[in-house]
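Written out below as structure tokens is the structure these notes cover.
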Amino acid sequence: MKRLPIDEDVTGDEIDSDVRQELLSLPKGLAEEVSRNLVMVARLIDEEPEQAYAYSRIALRLASRVAAVREAAGFAAYATQKYSEALAEFRAAKRMTGSVELWPVMADCERGLGRPERALAMAGEPEVQKLDKAGQVEMRLVAAGARRDMGQLDAAIVTLQSPELASSAVQPWTARLRYAYADALLAAGREDEAREWFAKTAEADKDGATDASDRLAEMDGVEFVDAMDEDDEGDELDAVDAAELAAAEAASDVTEYYDEDDDEYEPVEDPDAETAAEADVDVDDAVEGESGGKA
């Protein structure tokens with residue numbers, strides 16, 4: 001089996017204790033190898049999802065009967081938009097554990113597969129009532145997204161209106177919920193309300209999980225210039241300045257230099273030649289002075 005390089009500092013100690021407990025069913029050496037691949041999945045899934053997916057496939061081949069492995073493989077597939085594969089892995093994990101925790105992301109996979117009606121149907125299933133508060137908010141977000149997929153903007157807005165949205169308390173889900181609501185309002189042409197909710201999102205989003213601040217600035221007419229563009233523009237300006245300076249020097253046949261003998265400015269055709277001539281005179285004078293001294 002092909003193995004991918006694993007960072008030297010990666011150990012199985014980094015994984016969740018519940019996952020470590022699941023891996024106890026495996027031989028010690030195999031458990032360690034699986035755990036290290038799972039750690040790599042967790043490290044890479046946000047920045048390099050394709051690499052995370054590759055590590056998840058290795059873990060899956062090593063321990064496909066471990067629910068945590070199936071779940072990790074599902075999230076890695078989800079991150080790379082392999083929704084059919086992700087849904088299959090999530091269903092397998094759900095069968096193994098009996099937990100409904102993955103219900104919202106399973107519904108979102110249905111959206112990714114172009115089946116928003118199924119996602120909405122899942123939002124009405126008894127499993128939703130078994131979710132914790134975070135899971136229920138996530139399910140509401142998925143249901144609103146499904147409504148938008150179906151062109152039902154007003155229904156999406158109503159779906160997001162909830163006690164969690166109205167609450168002034170900031171929870172882990174607050175920024176994402178407010179952002180979805182603001183975005184739906186903007187899509188419906190309710191710009192003033194959208195601006196208000198983007199501002200509320202920015203207040204709650206201390207970690208920068210959304211681009212609410214940028215959206216708010218865009219609505220206010222603020223334009224952002226890419227740093228690379230600024231550097232390119234600066235290089236262009238430097239090139240223009242250099243070209244203009246060279247052209248100015250080339251166009252100037254006569255430059256004024258100060259002549260100490262006449263106490264006034266005097267045009268000199270070639271400053272380099274003049275300097276060389278002055279140097280020759282100084283040398284001649286010096287030689288002449290030495291000769292006179294010897295005489």
| query | For atom CD of E101, is the number of surrounding heavy atoms from other residues, nucleotides or ligands below 6.0 Å larger than 12? | reply | no
| If you measure from CE on M139 to CD on E127, what distance do you get to the nearest 0.5 Å? | 10.0 Å
| field | Sole residue of R115, R111, R118 in salt bridge (charged side-chain N to carboxylate O under 4.0 Å, His left out) with D149 | value | R111
| Less than 4.0 Å between a side-chain N and a carboxylate O, is that true for D183 and R215? | yes
| query | Taking it one step at a time, do Y78 and E89 satisfy side chain to side chain contact (heavy atoms under 4.5 Å, CB included)? | reply | CA-CA 10 Å; Y78 179 81; E89 297 300 340; over 6 Å; no
| Nearest non-hydrogen partners of A92 and R70, listed with the distance | CB-NH2, 3.5 Å
| Around D207, counting heavy atoms of other residues, nucleotides and ligands shown, do more than 12 lie under 6.0 Å from its CG? | no
| task | Please check if atom CG in D132 has more than 12 non-hydrogen atoms from other residues, nucleotides or ligands closer than 6.0 Å. | result | yes
| field | Under 3.5 Å: donor-acceptor pair, side chain of T201, backbone of Y179 | value | yes
| query | Given E193, which of E191, R195, R190 fulfils the side chain to side chain contact (heavy atoms under 4.5 Å, CB included) condition? | reply | R190
| Candidate pair Y53 and K82, rule side chain to side chain contact (heavy atoms under 4.5 Å, CB included), full reasoning | CA-CA 10 Å; Y53 176 77; K82 298 177 176 68; 3.7 Å; yes
| task | Would you check if the side chain of T80 reaches a backbone N or O of A77 as a donor-acceptor pair within less than 3.5 Å? | result | yes
| task | Tell me, with the steps shown, if L23 and V19 meet side chain to side chain contact (heavy atoms under 4.5 Å, CB included). | result | CA-CA 6 Å; L23 294 176; V19 176; 4.3 Å; yes
| said: Could you check whether E110 pairs with R91 (Lys NZ or Arg NE/NH1/NH2 to Asp/Glu carboxylate O, under 4.0 Å)? | reply: yes
| remark: Value for CD (E22) from CE (M96), rounded to nearest 0.5 Å, stands at 9.0 Å
| query | Judged by modelled atom types alone, do R43 and Y55 share a side-chain donor-acceptor pair under 3.5 Å? | reply | no
| query | Between F90 and F75, does a side chain to side chain contact (heavy atoms under 4.5 Å, CB included) hold up when you go through it step by step? | reply | CA-CA 8 Å; F90 289 143; F75 277 111; 3.8 Å; yes
| Exercise: identify the closest heavy-atom pair between L153 and R148 | CD2-NE, 3.7 Å
